[in-house]
Amino acid sequence: MIWQRLTDRFYEEFGRDGQLRRFFTPGRVNLIGEHIDYNGGRVFPCALDIGTYAVVRPREDYVVRFVSTNMTFKNEVDISAIVYDKGDGWTNYPKGTIKMLQDHLTENGKDASVIKGMDIIYEGNIPNGSGLSSSASIEVLTAMIVNELWDLNLSMIDLVKLCQKGENTFNGVSSGIMDQFAVGMGKKDFAISLNTDTLAYDYVPCVLEDAVLIIGNTNKKRGLADSKYNERLAECRAALAEVQKVKAVNHLCDLSATEWQEVKQAVSEGILRNRAEHCVLENERVKEAIAVLQKNDLVRFGQLLNASHDSLRDLYDVTGIELDTMVEEARKINGVYGSRMTGAGFGGCTVSLVKKEAAEHFQKQVGAAYEAKTGLKPEFYLVNIGDGAREVK
Ligand code: GLA
């Protein structure tokens with residue numbers, strides 16, 4: 001249905017001729033390992049079965065026409081001179097991606113003009129700005145499309161890296177690699193155990209037996225999230241510099257919990273020490289979470305989810321009243337293994353591991369209690385773990 005609707009709208013916007021192609025890239029949820037993908041840590045995300053859809057047709061010139069059924073703003077861009085322009089709104093994400101691919105070709109002694117224009121229409125069913133990676137989804141989707149239309153022969157991991165670079169250098173958010181990696185490389189029914197330092201990864205079966213993942217959207221707008229995100233990165237860099245005065249490490253997450261106890265006095269008490277402690281211990285939690293999930297120990301897995309949230313609240317300071325309230329209410333429900341914020345924080349979504357039999361009651365009860373306390377109407381999604389970016393034939 002969605003493809004038919006998108007195709008009809010495509011014809012309306014751009015006319016009927018030529019062959020159309022269809023592509024999909026999911027969103028992601030991070031199960032555990034938060035704010036450590038820019039500290040060399042291990043993360044454990046999975047791709048979702050919701051995401052961003054695109055119908056596209058190549059052009060012979062260097063114009064890209066962007067339309068999204070979710071947004072009123074449309075854009076027409078000359079890709080022989082791509083520059084960031086605040087007024088270009090959401091289209092800065094796909095623009096940044098195309099620019100990164102062009103630059104990559106040029107840097108490798110190739111002709112960037114092989115990338116030509118296209119007419120493209122997007123539709124997403126990931127709630128925007130909710131921490132489920134709607135921006136990484138549109139970036140990786142666009143990268144895959146350009147790669148396919150113009151036979152660039154780049155691997156998905158190359159595309160993922162270029163998308164992260166676009167987010168960092170073109171869109172000004174110093175995010176790690178997790179989101180682009182998860183939406184590009186995800187696999188149905190598996191979570192990805194990703195070492196963000198080396199990019200070595202494994203797929204871990206995510207068999208939840210009697211349980212489901214429930215994503216709770218606080219519907220709190222993530223105001224100033226980007227600047228606070230960059231601030232956390234700066235704090236981690238500062239803490240790392242202090243650690244490096246007493247121990248040779250490349251990343252905060254190179255430290256084990258025991259090594260952290262040995263060096264923590266070298267890190268300024270307060271904010272910097274708290275941030276670093278979160279990173280080290282979160283990384284340890286991820287490793288344990290992966291091990292216990294493989295033994296189907298959902299009880300321990302849930303405890304680790306809870307501990308992750310508490311650390312993000314108390315040491316890393318990225319939760320806020322809405323996420324804390326939703327998590328607190330979730331944990332009161334019988335049948336909840338664990339509940340935490342997911343993604344960057346400062347609003348956005350929680351993820352809870354809930355017994356199937358409690359799922360309905362969970363949504364009603366947490367929804368009512370959350371709304372009563374915050375005045376915001378939440379939304380809940382029972383999501384499945386889906387495949388990564390792909391062309392749909
Ligand atoms: C955002 C970033 C990711 C990651 C998370 C927090 O989603 O894009 O790289 O840092 O926040 O874990």
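It should be emphasised that the depicted structure is a prediction, and the values quoted were computed from it without experimental measurement. Whatever order the structure lists them in is the order used to number ligands and atoms, beginning at 1.
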Name the closest protein heavy atom to atom 1 (C) of ligand 1, giving the residue it belongs to and the distance to 0.1 Å. D179 OD2, 3.6 Å

Going by the order shown, which atoms of ligand 1 are within less than 4.0 Å of some heavy atom of G343? 6 (C), 11 (O)

Among all the protein's non-hydrogen atoms, which is closest to atom 9 (O) of ligand 1, and how far away is it? D37 OD2, 2.6 Å

Provide the number and element of each atom of ligand 1 under 4.0 Å from a heavy atom of Y229. 1 (C), 2 (C), 3 (C), 4 (C), 9 (O), 10 (O), 11 (O)

Would you mind checking if R65 and D119 are paired as a salt bridge, meaning a charged N to carboxylate O distance below 4.0 Å? yes

Under 3.5 Å between any N/O of Y38 and any N/O of ligand 1: does that happen in this structure? no

When you check the side-chain N and O atoms of Y11 and D17, is any donor under 3.5 Å from an acceptor? no

Considering only the protein, which heavy-atom contact is closest to atom 5 (C) of ligand 1, and what is its distance? M178 CE, 3.8 Å

Would you say the side-chain atoms of S352 and S339 include a donor-acceptor pair closer than 3.5 Å? yes

Which atoms of ligand 1 sit under 4.0 Å from any heavy atom of G176? 9 (O)

Salt bridge E13-K74, side-chain N to carboxylate O under 4.0 Å: yes

Are there over 12 heavy-atom neighbours, none belonging to K110, within less than 6.0 Å of that residue's NZ? no

Whether E235 and R232 form a salt bridge (side-chain N of Lys/Arg under 4.0 Å from carboxylate O of Asp/Glu) is what I want to check. yes

Output yes when the distance from some N or O of ligand 1 to some N or O of I36 is under 3.5 Å, and no in every other case. no

Pick out which of D88, D85, D78 makes a salt bridge (charged side-chain N to carboxylate O under 4.0 Å, His left out) with K95. D88

With heavy atoms only and a cut-off of under 4.0 Å, state how R28 meets ligand 1: side chain, backbone, both or neither. side chain

Test your reading of the structure: does N30 have an N or O sitting under 3.5 Å from an N or O of ligand 1? no

